[in-house]
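First up is the structure itself, then whatever we jot down about it.
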Amino acid sequence: MDVENEPKVWYVSLALSKDLTLLWIKQIKDILWFCCEFLKQLKPDILQDSRLVNLHLTMLVTFTDTSTWKILRGKGETLRPAMNHICANIMGHLNQKGFYSVLQILLTNGLARSRPSLSKGSLTAIFSLALRPVVAAQFSDNLLRSFLIHIMSVPAIMTHLTTLTPERLVVVESHDLFRKFILYLSREAQCRDVCVCLEGSHTLCLLGNLVYLGSLNDKVLEEETAHFVGVLIHMLSYCQKYVSQKKSNLTHWHPVLGWFSQTVDYGLNESMPLLTKQLQHLWGVHMIRILFSDVLSKKLLENQEIAPLPTQPVSPQNSLPMKNLFKRAFQKSASVRNILKPIGGKRVDSAEVQKVCSICVLYQTTLTTLTQIRLQILTGLTYLDDLLPKLWAFICELGPQGGLKLFLECLNNDTEESKRLLAMLMLFCDCSRHLITILDDIEVYEEQISFKLEELVTISSFLNSFVFKMIWDGIVENARGETLELFHSVHGWLMVLYERDCRRRFAPEDHWLRKDLKPSVLFQELEKDKKRAQLLLQYIPHVIPHKNRVLLFRNMVTKEKEKLGLVETSSASPHVTHITIRRSRMLEDGYEQLRQLSQNAMKGVIRVKFVNDLGVDEAGIDQDGVFKEFLEEIIKKVFDPALNLFKTTSGDERLYPSPTSYIHENYLQLFEFVGKMLGKAVYEGIVVDVPFASFFLSQLLGHHHSVFYSSVDELPSLDSEFYKNLTSIKRYDGDISDLGLTLSYDEDVMGQLVCHELVPGGKTIPVTNENKISYIHLMAHFRMHTQIKSQAAALISGFRSIIKPEWIRMFSAPELQRLISGDNAEIDLEDLKKHTVYYGGFHGSHRVIIWLWDILANDFSPEERAMFLKFVTSCSRPPLLGFAYLKPPFSIRCVEVSDDQDTGDTLGSVLRGFFTIRKKEPGGRLPTSSTCFNLLKLPNYSKKSILREKLRYAISMNTGFELS
């Protein structure tokens with residue numbers, strides 16, 4: 001007899017017997033729960049266990065649904081409703097016992113790993129089992145909750161369904177589950193309940209699955225945008241409560257959230273890359289286009305008067321989707337648009353504005369919650385060239401006047417609407433700052449990707465005013481939480497623009513100054529230690545005119561000198577340090593004697609006595625003049641590239657520490673000494689002709705520690721040719737690996753080829769299209785930082801021992817150069833004349849003096865006037881605050897004899913000079929100078945033409961180490 005086809009012996013037929021039905025139901029419940037207990041223990045990655053998993057799942061699938069029961073086919077169809085009722089009863093029993101928890105454990109064991117260990121059949125069975133009660137209960141809230149908590153929180157389950165069993169996703173779609181999940185969670189109490197049950201790690205997994213489902217359901221996403229955004233904000237905000245800024249005894253490390261103050265399920269770590277991929281859909285182009293459709297649909301007004309730029313012919317290669325953010329450099333916009341400026345006119349309570357605000361809140365919350373992938377999120381948000389300018393256009397239209405006034409009002413209103421508007425501004429600032437940081441100069445200034453330069457001027461003006469108002473109106477000093485985050489966001493974007501403008505101008509003159517801020521008022525408030533004045537100086541010193549900041553700097557130095565007792569008073573004299581220097585060994589003697597001095601002694605009065613090689617003192621009394629000469633000579637020697645402590649950049653020949661300076665014994669101590677000498681020059685207001693490379697000035701200011709600092713932006717100041725070659729790699733359209741580059745740098749060091757690895761094992765890692773941007777940044781960082789790290793640190797340490805970092809923080813890199821080397825403006829002859837002292841019979845109305853000023857003003861070119869200043873003061877630039885601050889003051893002395901016979905003024909020489917009586921015609925002699933005293937020694941010439949000829953010859957013969 002064929003047993004298989006004999007219903008009497010089928011196990012299910014026992015359920016049809018009146019006497020046995022209840023026993024059968026009890027037995028099958030026990031058997032199925034026994035299967036569940038087994039499934040909890042089994043490990044799907046072990047082969048033997050995986051077979052048992054299939055066996056137990058088959059049991060569960062078979063006895064919880066009647067569709068495979070042969071007994072109900074044909075005549076037995078009438079029994080199906082009763083049997084379905086029994087199955088529902090069995091399923092209800094399993095649910096009460098914890099059926100979903102069993103499925104969750106099994107799914108997590110099989111899927112929360114880098115490669116899933118569940119087979120297609122097993123995953124199909126589990127997901128079908130999980131869905132049965134939900135469908136049977138017609139998607140009741142109770143079962144939707146269980147499904148969300150236990151199934152949808154399994155890491156990347158939706159991705160695994162796509163890969164292993166796409167048919168199940170079709171089922172998900174046919175039941176419109178994505179919409180049902182979103183609508184269930186859109187009720188705040190229910191969403192909070194689910195989050196609390198899951199805690200942080202699993203809430204994030206649920207979030208990833210929902211985002212992934214959203215990326216597959218455009219129609220639902222468009223129709224339920226508000227609910228979708230609201231649910232994500234709520235879930236991210238829940239996680240954010242537990243995201244911590246730092247490690248502590250109460251925090252655990254999470255690869256996406258960072259330090260987290262809830263317990264972290266480390267078993268999920270293997271699945272984090274897949275979870276991250278799911279989350280990436282949230283800031284992928286596809287979802288951004290859907291969510292920001294209202295903003296992106298805006299037409300930026302085109303300026304029809306300007307001829308359109310030629311467009312590139314579309315080749316098959318050009319039409320491919322661009323994988324790399326930077327390839328867009330070659331995509332030209334078809335026409336030139338009007339510049340976006342605040343105009344106002346859009347009601348902030350309109351549905352459109354509220355929707356855009358919510359989406360901005362979502363992305364802002366994403367940035368502050370998913371801390372470990374923040375850069376990924378920002379890069380995704382800046383991928384579309386037109387999103388940020390269109391968001392700026394949207395911001396420009398808000399409120400009655402547009403922009404600034406509205407957002408300043410929001411700061412003073414603690415309403416939900418205000419917070420959402422400020423979140424929009426914050427997102428705009430964070431994304432724009434990220435974009436401008438990663439774009440190079442060609443992309444910003446020439447191709448003008450995303451923003452036109454005129455728009456950057458408008459935006460920076462808005463940001464400058466906003467930050468100023470936040471500080472000056474006292475908002476920042478009491479700011480906490482979101483307000484403080486907003487301030488740092490707006491300020492960060494402002495400073496990136498300001499520093500870019502300092503390197504290469506895009507804004508008009510005086511653009512950054514606040515005309516409504518009187519420096520005198522600020523100085524008075526600083527004297528009274530007012531917090532707002534201190535904050536202004538700390539965050540936006542550029543709003544104060546440069547000259548006033550230099551005055552402030554000099555005041556700070558003077559105050560410290562008074563505090564340390566370094567200033568001569570009627571009751572006390574400062575301590576003086578005496579040093580003896582041999583001219584032939586100036587650097588060695590200076591180094592040996594000064595490096596031992598304490599910090600305060602270095603800041604104090606140092607008297608120098610020069611001796612010759614026989615130890616005989618030179619004539620002359622040091623009243624700061626001889627020390628000035630010593631300082632200038634030391635600086636001239638140490639910065640001479642021939643010494644190889646410093647090198648000059650290719651092109652504009654600016655100085656930076658030499659990477660091969662380690663050949664000198666005690667080279668780090670030497671660099672520290674150089675830093676102290678440079679600091680001493682700045683401290684005493686002695687200008688020295690030492691032009692540094694811009695990137696090194698940034699290091700001196702500490703800018704390279706900023707999170708917004710980009711080594712690539714500074715690279716042209718080291719080697720413009722090298723910069724061009726590196727950026728051509730970024731723009732290379734083919735396969736970069738064809739070039740055979742590795743993550744290393746080969747350098748010729750004193751005749752030997754040395755390979756520097758940019759990362760551990762870099763010489764074996766090829767440069768590819770995926771890592772080429774990292775390669776460019778690593779290379780720039782290596783050339784400007786790694787190679788000279790110890791030298792720069794030693795010099796900066798020496799410099800800061802004299803000059804406090806907070807004193808110079810109020811200057812940009814070009815301004816610091818001017819502080820060191822004087823003003824690069826035209827020499828003000830009237831100012832020089834006003835502060836000139838005359839000796840030897842000369843006076844302001846003396847004909848030789850009148851000739852001299854006339855020659856300087858009318859016969860000499862600006863270059864010759866700079867050479868004249870260098871001839872008499874050793875620096876071609878005037879002091880920053882004018883010649884009143886030249887120490888010692890500029891002086892002109894009438895001389896009758898040559899320098900080697902000159903013993904100083906006598907009564908006879910002064911009278912002869914005053915009455916222009918000559919012992920003999922000095923026509924053969926040249927003017928000379930004593931730079932340590934800023935003194936011009938001028939013979940009493942009889943003709944103006946002779947004076948002009950001799951002076952021109954003298955200044956052009958002023959040979960020696962020339963830096964500029």
Side-chain touch [X]/[Y], heavy atoms, less than 4.5 angstrom:
X: S153; Y: T203; value: no
X: L52; Y: F38; value: no
X: K763; Y: L743; value: no
X: L274; Y: P155; value: no
X: T58; Y: V61; value: no
X: Q372; Y: W253; value: yes
X: L207; Y: L282; value: no
X: L362; Y: I233; value: yes

(request) Please test Q41 against D49 for side chain to side chain donor-acceptor pair (under 3.5 Å), starting from the C-alpha separation and ending with a verdict. (result) CA-CA 9 Å; Q41 312 300 323; D49 276 15; over 6 Å; no
(message) According to ring-ring contact (aromatic ring centres under 6.0 Å, His included), who are the partners of F292, at least two apart in sequence or on a separate chain?
(response)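 Residues passing ring-ring contact (aromatic ring centres under 6.0 Å, His included) with F292: Y363.
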(request) Can you sort out the partners of Y212 under side chain to side chain donor-acceptor pair (under 3.5 Å), two or more places apart, ordered by chain and number? (result)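 Once residues adjacent in sequence are excluded, the partners of Y212 under the side chain to side chain donor-acceptor pair (under 3.5 Å) criterion are T162.
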(request) Apply side chain to side chain donor-acceptor pair (under 3.5 Å) to D735 and list each qualifying residue two or more places apart in sequence or on a separate chain. (result)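 Listed in chain order: S737.
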Sub-3.5 Å donor-acceptor pair from the side chain of [X] to the main-chain atoms of [Y], do we have one?
X: N769; Y: I736; answer: yes
X: R420; Y: Q354; answer: yes
X: T163; Y: T159; answer: yes
X: R113; Y: N109; answer: yes
X: T382; Y: C431; answer: no
X: E270; Y: A112; answer: no
X: E757; Y: G761; answer: yes
X: N771; Y: P766; answer: yes
X: N209; Y: C205; answer: yes
X: S293; Y: I290; answer: yes

Counting only heavy atoms not in [X] (residues, nucleotides, ligands), do more than 12 fall under 6.0 Å from its [atom1]?
X: H227; atom1: NE2; value: no
X: E37; atom1: CD; value: yes
X: R289; atom1: CZ; value: no
X: D218; atom1: CG; value: yes

(message) Checking L107 against I157 for the side-chain contact (heavy atoms from CB on, under 4.5 Å) test, could you report, in this order, the C-alpha distance in whole Å, the side-chain angles of both residues, the deciding distance, and whether it holds?
(response) CA-CA 8 Å; L107 283 169; I157 186 170; 3.7 Å; yes
[X] and [Y]: which non-hydrogen atoms are nearest, and at how many Å?
X: L210; Y: F178; answer: O-CE1, 3.5 Å
X: V211; Y: Q278; answer: CG1-O, 3.4 Å
X: L391; Y: V295; answer: N-CG1, 3.7 Å
X: L164; Y: L123; answer: CD1-CD2, 3.7 Å
X: I438; Y: K730; answer: O-NZ, 3.9 Å
X: C357; Y: M424; answer: SG-CE, 3.4 Å

(request) Under the salt bridge (charged side-chain N to carboxylate O under 4.0 Å, His left out) rule, what do K219 and E173 come out as? Steps first, then yes or no, please. (result) CA-CA 11 Å; K219 185 171 178 291; E173 206 170 317; over 6 Å; no
(request) Apply the test ring-ring contact (aromatic ring centres under 6.0 Å, His included) to residues H175 and F139: give CA-CA distance (whole Å), side-chain angles for both, the deciding distance (0.1 Å), then the verdict. (result) CA-CA 9 Å; H175 287 305; F139 309 98; 5.5 Å; yes
(message) One pair to check against side chain to side chain donor-acceptor pair (under 3.5 Å): T379 and H434. What are the steps and the verdict?
(response) CA-CA 7 Å; T379 303; H434 178 75; 2.9 Å; yes
Looking at [atom1] of [X] and [atom2] of [Y], how far apart are the two atoms once the value is rounded to the nearest 0.5 Å?
X: H160; Y: L111; atom1: NE2; atom2: CG; result: 4.5 Å
X: I288; Y: W283; atom1: CD1; atom2: CH2; result: 10.0 Å
X: D193; Y: E188; atom1: CG; atom2: CD; result: 12.5 Å
X: L221; Y: L291; atom1: CG; atom2: CG; result: 5.5 Å
X: I28; Y: L94; atom1: CD1; atom2: CG; result: 9.5 Å
X: Q104; Y: I126; atom1: CD; atom2: CD1; result: 12.0 Å

(message) Under the side-chain contact (heavy atoms from CB on, under 4.5 Å) test against T369, which residue among L236, V256, L204 passes?
(response)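 Output: one option passes, namely L236.
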(message) Would you say R168 and S128 are linked by a side-chain donor-acceptor pair, where the criterion is simply a distance under 3.5 Å?
(response) yes
(message) Could you tell me if T365 and S237 have a donor-acceptor pair between their side chains, going purely by distance under 3.5 Å?
(response)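 Result is no, nothing qualifies.
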(request) Dump the intermediate steps for side chain to side chain donor-acceptor pair (under 3.5 Å) on Q240 and T368, then the final yes or no. (result) CA-CA 7 Å; Q240 191 189 64; T368 50; 2.4 Å; yes
(request) Look at the aromatic rings of F147 and Y100 and report parallel, tilted or perpendicular, splitting at 30° and 60°. (result)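 Taking Y100 first and then F147, their aromatic rings stand perpendicular (interplane angle over 60°).
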(request) Take R145 and D141 through the salt bridge (charged side-chain N to carboxylate O under 4.0 Å, His left out) test and state the conclusion after the steps. (result) CA-CA 6 Å; R145 177 183 182 274; D141 281 359; over 6 Å; no
(request) For the pair F127 and E167, evaluate side-chain contact (heavy atoms from CB on, under 4.5 Å) and give the outcome as yes or no after the intermediate values. (result) CA-CA 11 Å; F127 199 75; E167 313 85 57; over 6 Å; no
(message) Would L131 and L177 count as a side-chain contact (heavy atoms from CB on, under 4.5 Å) here? Give the steps.
(response) CA-CA 10 Å; L131 213 49; L177 274 181; 3.7 Å; yes
(message) Ring centres under 6.0 Å, that's the criterion: do H56 and F34 meet it?
(response) no
(request) Start with the C-alpha gap between N54 and S122, add the side-chain angles, then the distance that decides, and say whether side chain to side chain donor-acceptor pair (under 3.5 Å) holds. (result) CA-CA 6 Å; N54 286 335; S122 298; 2.5 Å; yes
